[in-house]
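Presented below is the structure to which this report refers.
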2 protein chains.
Amino acid sequence: MTKSREVKVVDTTTEEKIKEAARAVFYKKGYAATRTRDIAEEAGINLALLNYYFRSKEKLFDMIMLETVTGFMHTMATILNNEKSTLEKKVELVASHYIDFISKEPNIPIFMLSEIRNNSDGLLKKLPIRQLIMQSLFFKQHQEAVAKRKITEPNPLHFLMNLLSLVVFPFIAQPLFQGISGLNETQFNKLIHERKKLIPIWIKAMMKAK
Amino acid sequence: MTKSREVKVVDTTTEEKIKEAARAVFYKKGYAATRTRDIAEEAGINLALLNYYFRSKEKLFDMIMLETVTGFMHTMATILNNEKSTLEKKVELVASHYIDFISKEPNIPIFMLSEIRNNSDGLLKKLPIRQLIMQSLFFKQHQEAVAKRKITEPNPLHFLMNLLSLVVFPFIAQPLFQGISGLNETQFNKLIHERKKLIPIWIKAMMKAK
DNA sequence: AAATATTTTAATCAAATGATTAAATAACCA
DNA sequence: TGGTTATTTAATCATTTGATTAAAATATTT
């Protein structure tokens with residue numbers, strides 16, 4: 001292993017450093033509010049290097065945005081299509097995985113959803129998310145459960161919307177809820193993590209309600 | 001009624017025109033992405049008038065932000081403190097009111113939550129939202145219901161978080177859900193409005209689950 | 001009507017910001 | 001090593017953007 005290789009493994013490439021810095025700043029402040037100079041500073045590099053490696057702020061952003069959304073959807077599709085888990089287990093997996101994931105990157109949901117909303121040319125339309133989820137095993141299992149009268153709500157979109165709402169919204173509205181409740185960050189995190197167990201129970205009860 | 005007064009009533013003041021334009025643009029694009037020139041154009045006025053009436057972009061924004069958050073919280077507090085409604089009825093009122101309200105201004109939730117997140121000096125701390133909600137009749141009724149074993153989940157914050165999640169998140173993630181489902185705007189709106197009836201049923205079932 | 005105050009406009013400023021350039025430095029290779 | 005390529009830097013550009021100014025237009029008061 002040459003020295004240059006070792007640097008790439010142990011430390012990180014300048015290119016990677018910039019990308020990671022950009023990711024951090026974009027996640028926190030969004031596209032419009034981040035300055036290329038913020039990214040340069042965060043990465044500890046000269047401003048010109050950003051354009052040297054990535055041509056423009058917009059190209060760098062598009063790359064990160066694409067990776068973020070793709071990663072999010074890919075994980076979702078993987079869970080929803082898991083052959084070895086029941087519908088109930090999938091609910092547990094979604095809740096558990098995303099609560100842990102978002103806990104590590106709390107700004108991701110509002111970042112993604114804000115930027116998707118702005119994005120007029122439609123990043124979503126370029127990705128094959130539609131069939132990946134609408135034709136997932138999760139949806140088939142839901143359909144079966146409806147047929148067997150295990151679930152009353154026949155629309156699988158309500159099912160998925162409810163699950164994601166309960167998982168994601170508390171993070172998005174965290175500052176609001178902390179302001180209301182007076183809980184500090186540690187206490188709030190504890191509350192959030194309780195939900196890994198609670199959400200599957202709630203979802204189960206909801207979907208049987210009539 | 002003089003002519004100048006009539007103008008103020010029928011038409012609108014320049015000042016009001018600017019404020020309404022600013023509201024529209026800020027809601028849609030957020031603080032960082034809106035240009036004072038965007039607001040001027042939307043209002044059909046000269047750029048200098050914005051500074052003449054409101055001194056700066058930031059002051060104009062702060063004013064709109066304060067009104068928005070105050071309005072939101074005030075309505076919430078009013079519903080949660082309604083002496084004449086049961087806990088269940090309050091859930092219905094919240095769902096019904098906010099679904100109608102956000103339907104008319106779909107960008108409000110993500111706007112508010114994004115900007116609250118940025119706001120480092122803490123707009124929330126200046127408002128008396130804490131006691132207004134934590135000491136609300138809604139929370140007292142919840143406590144009673146827990147005592148009477150009508151509700152299993154003892155934490156009222158989970159209760160409120162769940163309710164708001166189910167109401168608000170579908171709007172925030174609307175572009176995502178439309179991308180996933182392939183529904184057009186009309187179809188999606190129909191889905192959202194179904195939730196006015198469904199959410200109270202779901203909440204009821206959830207909170208009794210164990 | 002004349003004088004005064006208010007509102008609006010066009011022109012301009014200064015700072016911020018995304019991007020480029022040419023030169024310097026470091027890495028690589030024959 | 002010496003030459004070539006790749007990386008990095010400092011300086012600078014051109015635009016954009018928030019804000020100001022002085023003058024013009026309009027409304028109000030005396």
For this session: Return each pair, listed once, that meets salt bridge (Lys or Arg N to Asp or Glu O under 4.0 Å) where at least one residue sits in residues 93-104 of chain B; pairs must be two or more places apart or across chains.
Result: B:Asp100-B:Lys196
Problem set entry | All pairs passing salt bridge (Lys or Arg N to Asp or Glu O under 4.0 Å) where residues 181-194 of chain A contributes a residue, at least two apart | none
For this session: Check every atom of D:dG18, D:dT21, C:dA19 against the side chain of B:Lys57 and return the nucleotide holding the closest atom.
Result: D:dG18
For this session: Side chain of A:Asn46 only, please: which of D:dA19, D:dT9, C:dG18 is the nearest?
Result: D:dT9
Pairs where [range] contributes a residue and the test side-chain hydrogen bond (donor to acceptor under 3.5 Å, both in side chains) is met, not counting sequence neighbours:
range	value
residues 47-56 of chain A	none
residues 28-45 of chain B	B:Lys29-B:Asp38
residues 73-86 of chain B	B:Ser85-B:Lys90

Rounded to whole angstrom units, what separation is found between the [atom1] atom of [X] and the [atom2] atom of [N]?
X	N	atom1	atom2	answer
A:Phe54	D:dT8	CZ	C1'	15 Å
A:Leu60	C:dA19	CG	C1'	14 Å
A:Ile18	D:dT8	CD1	C1'	10 Å
B:Asn51	C:dA11	CG	P	18 Å
A:Glu15	D:dT8	CD	C1'	14 Å
B:Leu47	C:dT9	CG	C1'	11 Å
A:Arg55	C:dT20	CZ	C1'	10 Å

Exercise. For B:Glu58 and A:Ile45, take the nucleotide of DNA chain D holding the closest heavy atom to each; which residue's nucleotide lies nearer the 5' end?
Worked result: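 The residue closer to the strand's 5' end, by nearest nucleotide, is A:Ile45.
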Exercise. Got a sec, which residues hit ring pair (Phe, Tyr, Trp, His ring centres under 6.0 Å) with A:Tyr27, two or more places apart in sequence or on another chain?
Worked result: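 Expected list: A:Phe111.
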Problem set entry | Residues which pass ring pair (Phe, Tyr, Trp, His ring centres under 6.0 Å) with B:Phe169, listed by chain and number, not counting sequence neighbours | none
Problem set entry | Those residues that, when tested against A:Asn155, pass side chain to side chain donor-acceptor pair (under 3.5 Å) (two or more places apart) | none
Problem set entry | With A:Asp62 via side chain to side chain donor-acceptor pair (under 3.5 Å) - residues at least two apart | none
For this session: Under 4.0 Å between any heavy atoms, over every strand shown, what does A:Leu50 touch: base, sugar-phosphate, or nothing? Just pick one.
Result: nothing
Problem set entry | Ring centre gap for B:Phe72 and B:Tyr98 strictly below 6.0 Å | yes
For this session: Inspect the contact between A:Lys19 and A:Glu67 and indicate whether a charged nitrogen and a carboxylate oxygen are less than 4.0 angstrom apart.
Result: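 Salt bridge present between A:Glu67 and A:Lys19.
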Problem set entry | DNA chain D contacts among residues 32-40 of chain B, heavy-atom distance under 4.0 Å | B:Thr34, B:Arg35, B:Thr36, B:Arg37
Exercise. In residues 20-31 of chain B, which ones come under 4.0 Å of DNA chain D, going by heavy atoms?
Worked result: none
Contact list (N/O, under 3.5 angstrom) for nucleotides 4-7 of chain C vs protein:
unit_1: C:dT7; atom_1: OP2; unit_2: B:Tyr52; atom_2: OH; d: 3.3

